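Quick notes on the structure that follows.
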Amino acid sequence: MIIKTASFITSSTKISQCPNPTIPEIAFIGRSNVGKSSLINMLTNNSKLAKTSGTPGKTQTINHFIINNAWYLVDLPGYGYAKVSKKLRGTFESFIRSYITNRSNLECLFVLVDSRHAPQTIDLEFIQWLGEEGVPFALVLTKTDKLTPQQLEKNNSVYTQKLLEDWDELPQMFYSSAVNKSGRDDMLPYIQSILDTVERYYKEEKN
Ligand code: GTP
Ligand code: MG
């Protein structure tokens, strides 16, 4: 896929504020600071598109971008942000969960996890929940530039073994670094294949 145009549409704090679900949508989620906004900028080759920050909890709204006038790319707020109160976190997370389960045009949710760390309960529980809800998702191990190829291979195998405890099949997995721009050549064709499938499906529905 060639990204010809990428522009910001809107930031929403309520589901009702989000753009109408008229075109397919691909969203990004993961713990605060995992690198969601940086990955979006890397994929779109636009360092200023999504706001990034060294301080966790930067993205607190649902941010819609439109790509090639054809699909929405969505930067979701991070989950598990420790610095907000438990009550606020609960409200916030139920808002995001409700978005994920109700958004009719959500075709794939990329779940980002930090490639440096062992699988975290919060991520595994979230993935489990996506499975129960039937939400299509793929995993992205981020910040791979911080690891040697050997460390990455080791962490990857720990991750896959952990997933296979609960899943018969592994989800699609990607490895990214916003620093050395890796992962783009695998993720963009994957997104394209999803969009092609959706388009075929809509055409068949019409006939
Ligand atoms: P929230 O919006 O707070 O949930 O964070 P986020 O997941 O959007 O993370 P963001 O992209 O803002 O990045 C968080 C920090 O990690 C920033 O300091 C980035 O520069 C850094 N970072 C993101 N991706 C990478 C990467 O691939 N490699 C390295 N080394 N650092 C990265
Ligand atoms: Mg962010």
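All figures in this text were calculated on a predicted structure; none of them were measured in a lab. For ligands, and for the atoms within them, numbers begin at 1 and follow the listed sequence.
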Does any N or O atom in [X] lie less than 3.5 angstrom from one in ligand 1, N or O only?
X	answer
S37	yes
L39	no
K143	yes
T52	no
T142	no
S38	yes
N33	yes
V34	yes

Problem set entry | CG/N102: more than 12 non-hydrogen atoms of other groups inside 6.0 Å | yes
For this session: Using a cut-off of 6.0 Å, state whether more than 12 heavy atoms not belonging to E169 lie near its atom CD.
Result: no
Under 4.0 Å from any heavy atom of [X], which atoms of ligand 1 are there?
X	result
K36	1 (P), 4 (O), 5 (O), 6 (P), 7 (O), 8 (O), 9 (O), 11 (O)
G78	4 (O)
S177	27 (O)
D145	26 (C), 27 (O), 28 (N), 29 (C), 30 (N)

Exercise. Is the closest heavy atom of G30 to ligand 1 under 4.0 Å?
Worked result: no
Has the side chain of [X] got a donor or acceptor atom that lies under 3.5 Å from a matching backbone atom of [Y]?
X	Y	answer
N68	T5	yes
N155	E153	no
T144	Y175	no
D114	V34	no

Problem set entry | Pair F174 and Y190, ring centroids less than 6.0 Å apart | yes
Problem set entry | Cluster link I100 to I122, ILVMFWY, side chain under 4.5 Å | yes
For this session: Could you tell me whether any N, O or S atom belonging to T52 is less than 2.8 Å from the Mg ion (ligand 2)?
Result: no
Exercise. Between F137 and W167, how do the two ring planes meet: parallel, tilted or perpendicular, split at 30° and 60°?
Worked result: perpendicular
